[in-house]
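Comments concern the structure below.
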Amino acid sequence: MTARETVLDAFEEHRSLLTGVAYRMLGGSADAEDVVQEAWLRWSAADRDDVRDTRAYLVRITTRLALDRLRQARVRREAYTGPWLPEPVVTDLATTVPDTAERAVLADSVSLAVLVVLESLSPLERAVFVLREAFGFPHHEIAEALDRSEPAVRQLAGRARRHVEERRPRYTVDPALRRDLTERFLAAATGGSIERMMELLAPDVRLVGDSGGKAKGPLRVIESADKVGRFLLAVAETDRPAYEYRFLEINGGPALLVLSQGRPDTVLALDVADGRVTAVYLQRNPDKLTGLLP
């Protein structure tokens with residue numbers, strides 16, 4: 001094995017972790033891939049003789065690169081057209097993570113609901129939350145990665161956790177229940193039944209649609225069962241003949257990929273609590289659907 005192959009193998013061993021950290025930091029798979037590629041370039045060019053812990057070293061590089069990119073993205077998102085949602089990613093936690101408890105933590109940390117809440121954290125708070133809550137890094141390693149003192153990191157971690165818990169929507173984790181309600185939701189929408197739709201929607205349901213101004217979509221959050229139900233039925237009635245539907249695990253939970261002429265058009269994901277839909281997420285920005293091309 002050549003020296004370059006050895007360096008590459010060491011990096012590839014941790015690529016999945018690095019991508020997971022970068023995606024949760026940035027909310028975009030393309031941005032995450034760019035960060036991981038930049039981390040590889042820095043790793044391959046670095047003097048590695050003094051590196052005692054390859055995993056910690058690579059996480060430190062990736063986290064700092066993601067922080068820089070996140071600060072730049074915050075400025076761009078201030079001018080974003082309409083609500084912003086993360087770029088959806090296909091996951092396969094049900095088969096790749098055998099431990100049920102670990103799978104639940106990872107699914108929650110990558111869920112659309114939580115990623116939306118993470119947008120309201122400061123970049124440093126988000127980095128600490130991701131490293132601590134999603135991947136279980138100890139405070140002293142996070143402090144080293146962020147070049148902060150351990151007491152400061154503990155303070156950031158506590159503040160970020162409280163902030164997320166206060167704003168985190170309540171939803172059912174059980175994928176089977178969420179899949180069942182998603183199927184019933186689709187049947188109600190495509191069947192044009194406002195009565196069946198209203199049975200599924202919580203009274204205070206919210207619909208968040210991200211079109212980025214590049215596709216048809218609501219430019220504001222829609223609230224209440226009546227308004228959300230009528231909006232969805234109107235959309236389904238207008239475009240029903242052109243749609244094809246596929247169920248996928250997206251961002252750790254069941255979701256619906258809507259195809260138009262064989263190309264991704266919309267990702268629909270639901271938050272479910274007490275047997276009813278509490279939030280509807282519609283991702284329609286074509287720039288954020290390229291990673292879902294069949």
Side-chain angles (χ1 to χ4, degrees), residues 83 85-86 88-95 97 99-118 120 133-134 161 164-210 217-218 220-237 239-240 243-258 266-284:
L85 287 174
V89 292
V90 177
T91 52
D92 191 20
L93 300 179
T95 57
V97 183
D99 184 84
T100 304
E102 181 185 359
R103 188 190 313 151
V105 170
L106 288 173
D108 183 62
S109 71
V110 80
S111 72
L112 295 176
V114 169
L115 289 176
V116 168
V117 174
L118 293 188
S120 60
E133 301 298 325
R161 189 183 307 112
V164 172
E165 290 302 323
E166 289 170 358
R167 292 163 177 78
R168 180 201 304 263
R170 187 169 61 92
Y171 61 90
T172 299
V173 176
D174 189 328
L177 292 176
R178 294 173 66 188
R179 168 66 183 258
D180 175 68
L181 198 55
T182 303
E183 291 177 346
R184 290 161 58 198
F185 184 90
L186 174 63
T190 56
S193 173
I194 186 65
E195 293 81 10
R196 292 174 64 189
M197 178 66 75
M198 294 299 290
E199 290 174 359
L200 300 175
L201 299 176
D204 58 349
V205 63
R206 303 168 73 247
L207 183 147
V208 185
D210 179 347
R220 287 182 291 275
V221 175
I222 300 175
E223 299 180 309
S224 86
D226 182 66
K227 291 180 180 178
V228 169
R230 294 186 184 282
F231 172 83
L232 289 169
L233 288 177
V235 171
E237 180 63 31
D239 297 315
R240 189 189 311 163
Y243 283 169
E244 175 188 349
Y245 305 96
R246 295 183 187 175
F247 285 95
L248 299 172
E249 182 188 287
I250 290 178
N251 287 82
L256 191 66
L257 172 62
V258 182
T266 305
V267 167
L268 182 148
L270 307 176
D271 282 347
V272 175
D274 300 325
R276 288 201 169 185
V277 177
T278 57
V280 180
Y281 302 102
L282 290 178
Q283 180 55 264
R284 300 213 66 216

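Side chains are part of it too, since the values below use all heavy atoms of this structure and drop only hydrogens, waters and symmetry mates.
Among residues at least two apart or in separate chains, salt bridge (Lys or Arg N to Asp or Glu O under 4.0 Å) pairs with a member in residues 221-234 are R206-E223, D226-R230.
Every residue was checked against the side-chain contact (heavy atoms from CB on, under 4.5 Å) condition with E199, not counting sequence neighbours, and none meets it. With sequence neighbours left out, R184 forms a salt bridge (charged side-chain N to carboxylate O under 4.0 Å, His left out) with D180. Applying the side-chain contact (heavy atoms from CB on, under 4.5 Å) criterion to V116, with sequence neighbours excluded, gives L85, P86. Residues satisfying the side-chain contact (heavy atoms from CB on, under 4.5 Å) test with P83, not counting sequence neighbours, are V208, V221. In this structure E195 satisfies the side-chain hydrogen bond (donor to acceptor under 3.5 Å, both in side chains) test with no other residue, sequence neighbours excluded. Every residue two or more places apart in sequence or in another chain that forms a side-chain hydrogen bond (donor to acceptor under 3.5 Å, both in side chains) with S120 is listed here: H163. By the salt bridge (charged side-chain N to carboxylate O under 4.0 Å, His left out) test, R196 is found to be paired with no residue, residues two or more places apart in sequence or in another chain being considered. The salt bridge (charged side-chain N to carboxylate O under 4.0 Å, His left out) search around D271 returns none, not counting sequence neighbours. Residues that satisfy the side-chain hydrogen bond (donor to acceptor under 3.5 Å, both in side chains) test with D210, not counting sequence neighbours, are Y80, Q283, K288. Among residues two or more places apart in sequence or in another chain, the salt bridge (charged side-chain N to carboxylate O under 4.0 Å, His left out) test is passed with R276 by none. T182 pairs by the side-chain hydrogen bond (donor to acceptor under 3.5 Å, both in side chains) definition with nothing, not counting sequence neighbours.
Here the closest non-hydrogen pair linking A225 and L201 is O-CD1, 3.5 Å. In this structure, L200 and A188 approach most closely via the heavy-atom pair CD1-CB, 4.3 Å. Pairing each heavy atom of R178 with each of G253, the nearest pair is NH1-CA, 4.1 Å. Closest of all the heavy-atom pairs between G275 and L181 is O-CD2, 3.8 Å. Taking every heavy atom of both residues into account, P88 and V267 meet most closely at CG-CG2, 4.0 Å. Nearest heavy atoms, P175 versus P254: O-CG, 3.7 Å.
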Derivation and outcome, side-chain contact (heavy atoms from CB on, under 4.5 Å), residues T190 and Y243: CA-CA 10 Å; T190 56; Y243 283 169; over 6 Å; no
Would you sort out whether Y245 and L257 count as a side-chain contact (heavy atoms from CB on, under 4.5 Å), showing the intermediate values? CA-CA 6 Å; Y245 305 96; L257 172 62; over 6 Å; no
Can you list the steps and then say if V280 with L270 is a side-chain contact (heavy atoms from CB on, under 4.5 Å)? CA-CA 5 Å; V280 180; L270 307 176; 3.9 Å; yes
For L177 and V272, run side-chain contact (heavy atoms from CB on, under 4.5 Å): C-alpha distance rounded to whole Å, both residues' side-chain angles, the deciding distance at 0.1 Å, then the answer. CA-CA 8 Å; L177 292 176; V272 175; 5.9 Å; no
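Here L232 contributes atom CG and L186 contributes atom CG; the two are 11.0 Å apart, rounded to the nearest 0.5 Å. Summarising the geometry, atom CZ belonging to R168 is positioned 10.5 Å from atom CZ belonging to R161; distances are rounded to the nearest 0.5 Å. Considering CD1 of I250 and CG of D92, their distance stands at 12.0 Å, rounded to 0.5 Å.
The closest side-chain heavy-atom distance from Y281 to N251 is not below 4.5 Å.
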